[in-house]
Asker: 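There's a structure below that I have some questions on.
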Amino acid sequence: MSWHLYILSFIFIVAGVFHWIRPKAFMRIMPLYLPYRKALVYLSGVFEILAGVGVLFTQTKTIATWAILIMLILFFPVHIHMLINKKAGLNLPKSILVLRLLLQFGIIYWAYQYI
């Protein structure tokens with residue numbers, strides 16, 4: 001198994017755990033039109049943890065990788081919301097928010113390599 005896959009796994013597990021440790025931070029960046037935002041934060045955290053663990057096992061790697069790809073696509077509205085909404089953007093410079101949005105494409109490509 002490639003060490004890159006371990007890094008991908010680690011990123012998703014840590015991100016998922018932080019959804020549970022700091023849910024308010026994640027709620028702040030979510031578009032207001034989404035219903036049940038707190039539940040979505042916790043739920044997405046669970047899925048990130050499960051997908052992060054799942055990519056480490058041969059039996060679940062493909063489905064976990066697809067789950068990561070789907071989540072990354074579903075998270076695009078959050079990145080766009082952060083870019084156009086100053087409060088959701090956490091006072092980060094626009095250049096960082098644009099870079100973060102573009103980085104999403106790189107992570108999608110990275111994850112796709114494991115299918």
Side-chain angles (χ1 to χ4, degrees):
M1 188 176 310
S2 168
W3 62 272
H4 299 112
L5 190 59
Y6 288 108
I7 292 172
L8 184 69
S9 170
F10 178 78
I11 289 169
F12 274 84
I13 292 169
V14 169
V17 168
F18 270 94
H19 279 70
W20 286 83
I21 293 172
R22 302 247 186 244
K24 287 182 183 179
F26 289 91
M27 287 178 57
R28 191 169 157 196
I29 66 173
M30 290 182 70
L32 297 175
Y33 60 80
L34 291 173
Y36 311 108
R37 291 173 41 234
K38 191 170 190 174
L40 287 174
V41 167
Y42 288 125
L43 190 60
S44 62
V46 168
F47 281 116
E48 286 183 357
I49 293 167
L50 290 174
V53 171
V55 296
L56 298 176
F57 299 95
T58 306
Q59 302 89 336
T60 56
K61 186 171 118 180
T62 301
I63 194 160
T65 303
W66 275 110
I68 286 173
L69 291 170
I70 291 167
M71 283 187 286
L72 289 169
I73 292 166
L74 289 174
F75 295 161
F76 268 112
V78 171
H79 295 291
I80 293 168
H81 179 66
M82 289 180 73
L83 187 60
I84 61 176
N85 183 300
K86 188 173 181 171
K87 185 177 178 183
L90 307 173
N91 295 318
L92 293 169
K94 289 263 188 212
S95 58
I96 297 294
L97 295 172
V98 169
L99 184 62
R100 188 171 181 260
L101 181 62
L102 294 174
L103 183 62
Q104 195 81 351
F105 290 103
I107 299 171
I108 288 170
Y109 177 76
W110 178 21
Y112 186 73
Q113 302 307 303
Y114 299 109
I115 293 179

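From a predicted model like this one, the values you see are computed outputs, not experimental measurements.
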Asker: Using a 4.5 Å cut-off on heavy atoms from C-beta on, say whether the side chain of Trp110 contacts that of Ile11.
Answerer: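 Touching, per the 4.5 Å side-chain cut-off.
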
Asker: Would Leu103 and Ile29 show up in the same hydrophobic cluster when neighbours are defined by side-chain heavy atoms closer than 4.5 Å?
Answerer: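 Yes, because Leu103 and Ile29 connect within a single hydrophobic cluster, where side-chain heavy atoms sit under 4.5 Å apart.
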
Asker: Out of curiosity, Asn91 CG to Ile96 CD1, how far, rounded to the nearest 0.5 Å?
Answerer: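 Reported value, rounded in 0.5 Å steps: 13.5 Å.
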
Asker: For a quick test of reading the model, state the closest non-hydrogen atom pair linking Gly54 to Thr60 and the distance between them.
Answerer: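 Reported closest heavy-atom pair: O-OG1, 2.6 Å.
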
Asker: Should Phe57 and Phe47 be counted in the same cluster of Ile, Leu, Val, Met, Phe, Trp and Tyr side chains packed under 4.5 Å apart?
Answerer: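 In one cluster: yes.
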
Asker: Would you check if Ile115 and Leu69 make a side-chain contact, meaning some heavy-atom pair closer than 4.5 Å?
Answerer: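 Side-chain contact under 4.5 Å: yes.
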
Asker: Which distance, rounded to the nearest 0.5 Å, do you find between the CG of Leu50 and the CD1 of Ile13?
Answerer: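 The CG atom of Leu50 sits 9.5 Å away from the CD1 atom of Ile13.
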
Asker: Is there a donor-acceptor pair closer than 3.5 Å between any side-chain N or O of Gln104 and the backbone N or O of Arg100?
Answerer: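 No: the side chain of Gln104 does not pair with the backbone of Arg100.
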
Asker: Is it true that, when you exclude Lys86 itself, more than 12 heavy atoms of the residues, nucleotides or ligands shown sit nearer than 6.0 Å to its NZ?
Answerer: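 No - once you tally the heavy atoms of other residues, nucleotides and ligands closer than 6.0 Å, there are 12 at most.
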
Asker: Just wondering, do Met71 and Ser44 contact through their side chains at under 4.5 Å, heavy atoms?
Answerer: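 A side-chain contact is absent here, since even the closest heavy-atom pair is not under 4.5 Å.
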
Asker: Got Lys87 and Arg28 here, is their nearest side-chain heavy-atom distance under 4.5 Å?
Answerer: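 In contact.
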
Asker: With rounding to the nearest 0.5 Å, note down the distance linking CG in Leu102 to CD1 in Ile107.
Answerer: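 Here the interatomic distance stands at 11.0 Å.
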
Asker: When hydrophobic residues are tied together by side-chain contacts of less than 4.5 Å, even through go-betweens, does Leu99 share a cluster with Phe75?
Answerer: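 Leu99 does not cluster with Phe75.
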
Asker: Do you know which two heavy atoms are closest between Leu40 and Pro35, and how far apart they sit?
Answerer: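 Scanning both residues completely, I find the closest heavy atoms to be CD1-O, 3.2 Å.
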
Asker: Does any part of the side chain of Val78, heavy atoms only, come nearer than 4.5 Å to the side chain of Pro31, both counted from C-beta?
Answerer: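 The answer is yes, as the side chains (C-beta and beyond) meet within the 4.5 Å cut-off.
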
Asker: Got a second to check how far Tyr114's OH is from Ile68's CD1, nearest 0.5 Å?
Answerer: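 Answer rounded to 0.5 Å: 10.0 Å.
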
Asker: With sequence neighbours left out, what residues match Phe105 under ring-ring contact (aromatic ring centres under 6.0 Å, His included)?
Answerer: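 Listed in chain order: Phe76.
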
Asker: Can you confirm whether Leu72 sits close enough to Phe12 that some side-chain heavy atom of one is under 4.5 Å from a side-chain heavy atom of the other?
Answerer: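 Answer yes - side chains close enough.
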
Asker: For Ile63, I'd like to know if atom CD1 has over 12 heavy atoms of other residues, nucleotides or ligands within 6.0 Å.
Answerer: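 Count not over threshold, so no.
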
Asker: Can you name the closest pair of heavy atoms from Gly52 and Leu56 and give their distance?
Answerer: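 Nearest heavy atoms, Gly52 then Leu56: O-CG, 3.8 Å.
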
Asker: Once rounded to the nearest 0.5 Å, what's the spacing between atom NZ of Lys94 and atom CD1 of Ile84?
Answerer: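 Rounded to the nearest 0.5 Å, the NZ-CD1 separation comes to 8.0 Å.
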
Asker: Is there side-chain contact between Met82 and Leu90, with heavy atoms separated by less than 4.5 Å?
Answerer: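 Yes - at least one pair of side-chain heavy atoms lies under 4.5 Å apart.
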
Asker: Are Val98 and Ile80 co-members of a hydrophobic cluster defined by side-chain heavy atoms under 4.5 Å apart?
Answerer: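 The answer is yes; both residues are in one hydrophobic cluster.
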
Asker: Tell me, please, which residues at least two apart from Lys38 pass side-chain contact (heavy atoms from CB on, under 4.5 Å).
Answerer: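 For Lys38, the residues satisfying side-chain contact (heavy atoms from CB on, under 4.5 Å) (neighbours in sequence not counted) are Met27, Tyr42.
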
Asker: Shortest non-hydrogen contact from Met30 to Val41?
Answerer: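 So the minimum-distance heavy-atom pair works out to SD-CG2, 3.3 Å.
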
Asker: I need the Arg37 CZ to Leu32 CG distance, nearest 0.5 Å.
Answerer: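 Those atoms lie 5.0 Å apart.
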
Asker: Under a 4.5 Å cut-off applied to non-hydrogen side-chain atoms, are Tyr33 and Pro77 in contact?
Answerer: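 A side-chain contact exists here, since the closest heavy-atom pair is under 4.5 Å.
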
Asker: Side chain to side chain contact (heavy atoms under 4.5 Å, CB included), that's the test. Do Val46 and Trp20 meet it? Break it down for me.
Answerer: CA-CA 9 Å; Val46 168; Trp20 286 83; 3.5 Å; yes

Asker: Do Ile73 and Leu43 belong to the same hydrophobic cluster, where Ile, Leu, Val, Met, Phe, Trp and Tyr are linked whenever their side-chain heavy atoms lie under 4.5 Å apart, directly or via other members?
Answerer: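 Yes, same cluster.
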
